[in-house]
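Read through the structure below, which is laid out as structure tokens, and then see the notes.
Heavy-atom basis, side chains included; hydrogens, waters and symmetry copies ignored. Sequence lines set the chain letters: A, B, ... in the order given, protein chains first and strands last, and positions in each chain run from 1.
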Number of protein chains: 2
Amino acid sequence: MIDILKSHIERLLNRTLPENNYEFFSNLLFEKSFDKKDLIVEEGKQCNHIYFVTEGTCYLSITDEKGEEHAMQFALEGYWISDLYSFFSGKKAIYSVKALEPTKVLMLNRDSFQTVCDTLPAFDRYFRLLLQNAFIALQYRLAKTNSEDAEHRYNEFAKAFPQFIQRVPQYLIASYLGIKPQSLSRIRKDASFRK
Amino acid sequence: MIDILKSHIERLLNRTLPENNYEFFSNLLFEKSFDKKDLIVEEGKQCNHIYFVTEGTCYLSITDEKGEEHAMQFALEGYWISDLYSFFSGKKAIYSVKALEPTKVLMLNRDSFQTVCDTLPAFDRYFRLLLQNAFIALQYRLAKTNSEDAEHRYNEFAKAFPQFIQRVPQYLIASYLGIKPQSLSRIRKDASFRK
DNA sequence: CTTTTTTATTAACGTATGTTAACTATTGTT
DNA sequence: AACAATAGTTAACATACGTTAATAAAAAAG
């Protein structure tokens, strides 16, 4: 069951890991379960872990001054999620992570992260590749946010992430796209008319 | 003159590099100069380098289907810039990089990047830290794009990056903020009234 | 099953930003 | 210095999306 993570690592590194490397790493992980609606990371508190989802769904969000929540990222089985700002700086979290379903994660704390990166260069490489991909995807998403209208963005999202359309409530998808739920409703209705 | 990069690396790693480590790395770099308006990276062609700016300014942009250009990132002395999508995948660039002033860069090609990361784990670490910071900043920028109006975003930008306000034309700053130059003009006028 | 809570829909109206177009200011070129 | 090209401003009008509010549908809880 932990092996979904091992194969994730080996796929990114494009090679198999020596068994003792992975063992060293996996001994630093803790398993934890959350109920639906539980907060995995809470804004205002230090976020001392990164989380690898092995079961369930959750999402990262930020709350603005008006008290409105904005979904930034969704995660299901095989995704890492956390407030990286807080994790890497040690400052208070500006994001929250909340479970959308009963969710199981493998968690790695800051010290263990440092240890594994210092001890096994393969893990520095692994996390670099993760961040590389995340950065490229995020930059592309921002480009689309600044150039396409909400309908186009919704269609691209639905095509790229059909699993999220299934498992994430529509008001959070609207929020992720940078619009209100009413607007997404309107967009979907207009689209269904045109069919 | 190359040492602006060395100190950049040592600042991120939070330690001094063995002199032979840096020498190994810097021998893989090429220096190149561009005139104002030159394309450093051209959309549609492979982007085979990452660029560290030692002099001048340039910016990364993407052109949408309607032919409109969207500024994604600015870089002046001490910044890395490139189309990382193309650089890491080997596919055709979807972004361009263009000089806004006469600009000097140190460039590192894909093979050399691989070599230095494979040979010196410190560089995997360095590029992980770079990407980490870039990801965190980009995620925050997207959060603001989805939650604040253009006036607020402009004010935050001007405060955080006064150098760019000096050296980058206003229509590119508008584009970076996700609005049209006319809108930024209006915002600035309204603000000056309220003073 | 029934009730309550949460999520989604719809419609009328408001607003920030886009569009078009004309004009001015600035910068670069001969 | 004169001219051309680029960048910035302004204003009238258009539009995508936000706001408010009422209702309906679906999911969770008793």
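A sub-4.0 Å separation between OP1 or OP2 of D/dT9 and a side-chain N or O of B/Gln170 is present. Contact check, B/Lys189 against D/dA11: a side-chain N or O comes under 4.0 Å of OP1 or OP2. Note on B/Lys36: every side-chain N or O is 4.0 Å or more away from OP1 and OP2 of C/dT27. At least one side-chain nitrogen or oxygen of A/Ser183 sits closer than 4.0 Å to the OP1 or OP2 atom of D/dG18.
In this structure, A/Arg188 reaches the sugar-phosphate backbone alone: every heavy-atom distance under 4.0 Å involves primed, P, OP1 or OP2 atoms, never a base. Among the protein residues, A/Pro181 comes within range of no part of the nucleic acid, since none of its heavy atoms lies under 4.0 Å from any strand.
Between the side chains of B/Gln132 and B/Arg128, at least one donor N or O lies within less than 3.5 Å of an accepting N or O. Counting only N and O atoms by type, the side chains of B/Glu101 and B/Thr57 include a donor and acceptor under 3.5 Å apart. Checking A/Tyr126 against A/His8 by side-chain atom types alone, a donor-acceptor pair falls below 3.5 Å.
Taking for each of B/Val168 and A/Lys180 the nucleotide of DNA chain D with the nearest heavy atom, the 5'-most of the two is the partner of B/Val168.
In the interface, the side chain of B/Arg186 is not paired with the base of D/dG8 through any donor and acceptor atom under 3.5 Å apart.
Formation of a donor-acceptor pair under 3.5 Å by the B/Ser96 side chain with backbone atoms of B/Glu43 is found in this model.
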